[in-house]
Amino acid sequence: MLWRQSVESLMDEGYQRLEMGDYERALKIGRQLLKRHHTSGFEIAARAQWEMGHQEEAIKTLEEGVQVAPEVWILWSYLGQFYSDTERYEQALHAFRHALTCPEAAQSTAHYNLALVYYRQGDYERAWRQLDYVADEEDGPGYGRVAGLRLRLLNAMERYTEALALAREALERAQSEETDDAALASLYAERADACWRGAADRVQALTDAWQAIRLDKNQQTAMLVIREIEQQTSPRTQWYRLLVEGEWHEPVEGAEPPLGFYTTYWVAADSPEEAMDFIRRFEPEPVRPTLRLVESEALEHRPDLLKGVYGATKYAFFPMKRQRKK
């Protein structure tokens with residue numbers, strides 16, 4: 001029973017449930033923490049709502065959170081991220097600037113997030129200058145993420161020769177350090193983009209793009225490079241949302257194997273069957289034979305789109321002994 005757990009125990013479980021993709025349980029834990037007047041409940045609940053696709057609810061939760069606890073920088077940080085991801089850039093800038101004023105704020109993270117918003121606004125020079133405030137420190141975004149954003153800026157400004165030089169240096173350093181998969185994927189994806197657009201090197205671009213996908217299947221730049229190189233089109237192309245089920249192949253912290261998972265993909269294809277062919281390439285090889293289409297929805301006829309994968313959600317894991325969703 002949640003009410004019997006200590007606040008510390010609830011927090012630990014809440015963050016663990018978010019990591020596992022058990023967002024419904026994480027949301028319940030967040031609400032229980034709020035009943036106990038603990039500000040971590042705002043963060044845990046909002047992150048769960050966001051991952052469940054309830055973006056406006058997540059933003060409202062954080063807006064309430066920063067009213068209750070304006071000194072908690074992490075609430076401003078997530079609020080800024082969610083504003084930015086929903087293209088509310090001025091509100092995002094306000095949130096990240098406020099985060100900088102909070103006690104114990106991760107200053108470098110806030111500066112990085114400000115730079116990312118400027119990039120999304122198309123203000124590339126200002127974004128580049130903002131990154132100069134990001135220090136290479138333990139609680140910062142990390143070298144890999146900063147280098148990845150610099151590469152995105154160079155590619156956006158069509159400075160491909162500089163991008164390729166920085167990518168070579170960044171990948172050498174990132175591979176010798178403890179760099180998280182998403183940051184490393186960004187480096188490979190941006191090098192793929194520079195190879196394709198700047199050097200027309202199809203082979204290297206595809207090699208790097210697929211390496212990025214192996215590290216982070218939702219790497220948007222890598223997806224774009226793959227679609228543009230493959231150039232598959234059809235007058236019958238539909239825009240699909242597909243819910244896919246599979247069996248996971250590795251241990252997940254805090255969960256007993258065997259584990260199943262759900263994940264949602266957005267794909268441009270002629271049929272659900274063709275969409276599944278695209279999807280299989282984005283999943284680890286041991287998982288591919290277990291994939292099963294749970295449901296598909298043709299959202300609209302889109303013959304103007306290049307065929308391929310456009311997006312994917314994180315995994316929502318469940319124990320295989322649980323009854324499968326029909």
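Basis for what follows: all heavy atoms, side chains included, without hydrogens, waters or symmetry-related copies.
Remark: the Glu90 side chain and the Gln121 side chain contain an N/O donor-acceptor pair separated by less than 3.5 Å. Judged purely by distance below 3.5 Å, without hydrogens or angles, the side chains of Tyr119 and Gln130 never pair a donor atom with an acceptor atom. In this model, a donor atom of one side chain and an acceptor atom of the other lie less than 3.5 Å apart for Asp208 and Gln204. Using modelled atom types, one finds a donor on one side chain and an acceptor on the other under 3.5 Å when comparing Ser84 with Arg120.
Taking the six-membered ring wherever Trp is involved, the centroid distance between the rings of Phe282 and Trp210 falls below 6.0 Å.
Relative to the ring axis of Tyr310, Arg227 places its NZ or CZ within 45° and under 6.0 Å from the centre. Within the cation-pi definition used here (under 6.0 Å to the ring centroid, within 45° of the axis), Arg302 does not qualify as a partner of Trp266.
Salt bridge annotation for Arg88-Glu56: present, with a cationic side-chain nitrogen under 4.0 angstrom from a carboxylate oxygen. Salt-bridge formation is not detected for the pair Glu283/Arg288: no Lys NZ or Arg NE/NH1/NH2 atom is positioned less than 4.0 Å from an Asp or Glu carboxylate oxygen. Between Asp22 and Lys28 there is no salt bridge, since none of the side-chain N atoms of the basic residue sits less than 4.0 Å from a carboxylate O of the acidic one. A salt bridge is absent between Glu169 and Arg173: the closest approach of a Lys/Arg side-chain nitrogen to an acidic carboxylate oxygen does not fall below 4.0 angstrom. With respect to the salt-bridge test (charged N to carboxylate O, under 4.0 angstrom), the residues Glu13 and Arg25 qualify.
Nearest heavy-atom pair, Ala194 versus Asn155, reported as atom, atom and distance to 0.1 Å: CB-OD1, 3.4 Å. Taking every heavy atom of both residues into account, Thr237 and Ala268 meet most closely at CG2-CB, 3.8 Å. Heavy-atom minimum distance, Gly41 versus Leu33: CA-CB, 3.7 Å. Scanning all heavy atoms of the two residues, the minimum distance from Ala127 to Leu153 falls at CB-CD2, 3.8 Å.
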Checklist entry - Yes or no on side chain to side chain donor-acceptor pair (under 3.5 Å) for Ser234 and Asp270, after CA distance, side-chain angles and deciding distance? => result CA-CA 7 Å; Ser234 166; Asp270 286 359; 3.0 Å; yes

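Of the possible donor and acceptor atoms, one in the side chain of Thr179 sits under 3.5 Å from a partner among the backbone N and O of Ala174.
When hydrophobic residues (I, L, V, M, F, W, Y) are linked wherever their side-chain heavy atoms come within less than 4.5 Å, Tyr133 remains an isolated member.
Between Thr263 and Lys314, every side-chain heavy-atom pair lies at or beyond the 4.5 Å cut-off. The side-chain heavy atoms of His98 and Cys102, taken from C-beta on, include a pair separated by under 4.5 Å.
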Below 3.5 Å, can you tabulate the donor-acceptor pairs from side chains in residues 59-72 to any protein atom, sequence neighbours excluded?
| unit_1 | atom_1 | unit_2 | atom_2 | d |
| --- | --- | --- | --- | --- |
| Thr61 | OG1 | Gln49 | OE1 | 2.8 |
| Thr61 | OG1 | Glu57 | O | 2.9 |
| Glu63 | OE2 | Tyr83 | OH | 2.6 |

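Applying the side chain to side chain contact (heavy atoms under 4.5 Å, CB included) rule to Arg126 yields the partners Arg97, Tyr118, Asp123, Arg129; only residues at least two apart in sequence or on another chain are considered.
Across Gln232, Glu274, Glu230, a single residue satisfies side chain to side chain donor-acceptor pair (under 3.5 Å) together with Lys307, and that is Glu274.
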